[in-house]
**Q** 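I have a structure here, written as structure tokens, and I will follow up with some questions on it.
Numbered from 1 within each chain, the chains take letters A, B, ... in sequence-line order.
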Number of protein chains: 2
Amino acid sequence: MKIITDISELRENLSQEQKIAFVPTMGNLHSGHLALIDQANQLADCVIVSIFVNRLQFLPHEDFNRYPRTFEEDCNALSAQNVKIVFAPDEKILFPTPQEFLLALPPVADILEGKFRPGFFRGVATIVLKLFNIIQPEFAIFGKKDYQQLHIVRKMVQQLNLPVEIIANETVRAADGLALSSRNQYLDEAQRSEACRLYQTLLRIKQKINSGSKNFQTLQESAISNLEQHGWKVDYISIHQRSTLLFAQASDQDLVVLGAAWLNNTRLIDNLEI
Amino acid sequence: MKIITDISELRENLSQEQKIAFVPTMGNLHSGHLALIDQANQLADCVIVSIFVNRLQFLPHEDFNRYPRTFEEDCNALSAQNVKIVFAPDEKILFPTPQEFLLALPPVADILEGKFRPGFFRGVATIVLKLFNIIQPEFAIFGKKDYQQLHIVRKMVQQLNLPVEIIANETVRAADGLALSSRNQYLDEAQRSEACRLYQTLLRIKQKINSGSKNFQTLQESAISNLEQHGWKVDYISIHQRSTLLFAQASDQDLVVLGAAWLNNTRLIDNLEI
């Protein structure tokens, strides 16, 4: 496994590869990432993982500085995973000058995460576009845990005619249902044990809709109030069309319920397809 | 020479090519375009020319509908030029759904042409990005006639890490100095004979600066007033740093003077490096 920090060295190394599968990460790898890498290994001989904490997708007050950086452990984990190249550029490599060319996104980037983290998806889409251009993969693998991100990346690929196929991977969960996330480690023991309530809440909504419940408004409101009673601050619990991510109507099929909520200073997100 | 309208057929045809040189055009080809194609032929075995009148770069009141479309003559001209593929998609191919992912550009896109044609460079940059992603050329050739466009495309390539080298080609001029342009054919005989005054005006500024003149403001103002006396409506005559396209200071080296002006309903642009 090679660790490469430079773009031209990377391109040199990739120039002989026929099929590349790419897994973009911000490091601090957990089993959720490793599942993406498993998927990548099934798709191509050459698997490349990027590790880069992307400043563009953090708001000024967010956790860019305290975001967990565990490069050595990450590389140890990756070297056991048949990864050919770890691309770990520093900021001067990806942003030698301030990033002035950014993507302007459609309204779906302004709801859900985009409403609570304005500019987040612009930052994500721009760095993903840059990484695709650098790596030119045939496949790129994204987790469904970041459901709206996956939706926006897919749309970007279509609308900008990018020559890459986006592969979605199921969310990996702890035994109690909590979706794995680097931010889980901000939780203390009591919070960690409470954290799975977000998943349980989404699961209850899924079960109720599958049993014929159509009053999405009520389902959302009672879920929010239940979480609040247990000390959560809820950004949203919201039922959407899967294909467009627009707010769902009672008549829609193929739904997804998405949630984002805070336990003290830690913001968790999750979703379930219905 | 193949004429291809479909993206997957194009990719199929290009998949075996090692080095592609790409010349994007809006058709209505003249000697200026042919010079770009000559340049492309010197760079790569496979030359591909796109013909697509890009709605995104026209303002609502501009000449999108009356822009000259001469597809058959264009193909005849190209078949004599060692062009391997003409990519001529219709709008449904490049915009199967309304283009919602666009580029957000830096302030240099809001001066000069960008000031008088708001959104123009966003439309140019977005279509160029799409075409690069579809064609994945090693080289793309642009004329210096559209100097600010060339600057913005170069910056886009740097900032988005696009794997393409941008080649600049000198402006091709008529015997009297008028820069060749598809819009020249909007001119009647009297206007055509007047049109070279724009070039002569820029040339006079260049000569004066080369002779030591440093008062750019006065040079610009007297050029504008001279053109106005001859019936032109001037958008700008403006002296800039070549490398940044920022407005030039008296101490700057490596300048370019750019101009845009109307003869009746026809808008002409030109520039000269100093």
**Q** With a sphere of 6.0 Å drawn around CD of A/Glu100, does it hold more than 12 non-hydrogen atoms of other residues, nucleotides or ligands?
**A** yes
**Q** Which atoms of A/Pro107 come close to chain B, meaning under 4.5 Å heavy atom to heavy atom: side chain ones, backbone ones, both, or neither?
**A**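 Side chain only.
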**Q** Quick one: do B/Glu9 and B/Lys2 satisfy salt bridge (Lys or Arg N to Asp or Glu O under 4.0 Å)? Show the steps, please.
**A** CA-CA 11 Å; B/Glu9 187 189 348; B/Lys2 278 192 188 173; 5.9 Å; no
**Q** At a heavy-atom separation under 4.5 Å, does A/Leu131 approach chain B through its side chain, its backbone, both, or neither?
**A**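 No part of it gets close to chain B.
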**Q** Below 4.5 Å from any heavy atom of chain A, which atoms of B/Ile127 appear? Answer side chain, backbone, both or neither.
**A**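 No part of B/Ile127 comes within 4.5 Å of chain A.
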**Q** Which label fits B/His240 and B/Phe247: parallel for a plane angle under 30°, tilted from 30 to 60°, or perpendicular past 60°?
**A** tilted
**Q** In terms of heavy-atom pairs under 4.5 Å, which option from B/Val164, B/Leu94, B/Leu105, B/Leu162 contacts chain A the most?
**A** B/Leu162
**Q** Tell me whether the count of non-hydrogen atoms from other residues, nucleotides or ligands lying under 6.0 Å of CG in A/Asp45 goes above 12.
**A**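 No, CG of A/Asp45 has 12 or fewer neighbouring heavy atoms, counting only those of other groups under 6.0 Å.
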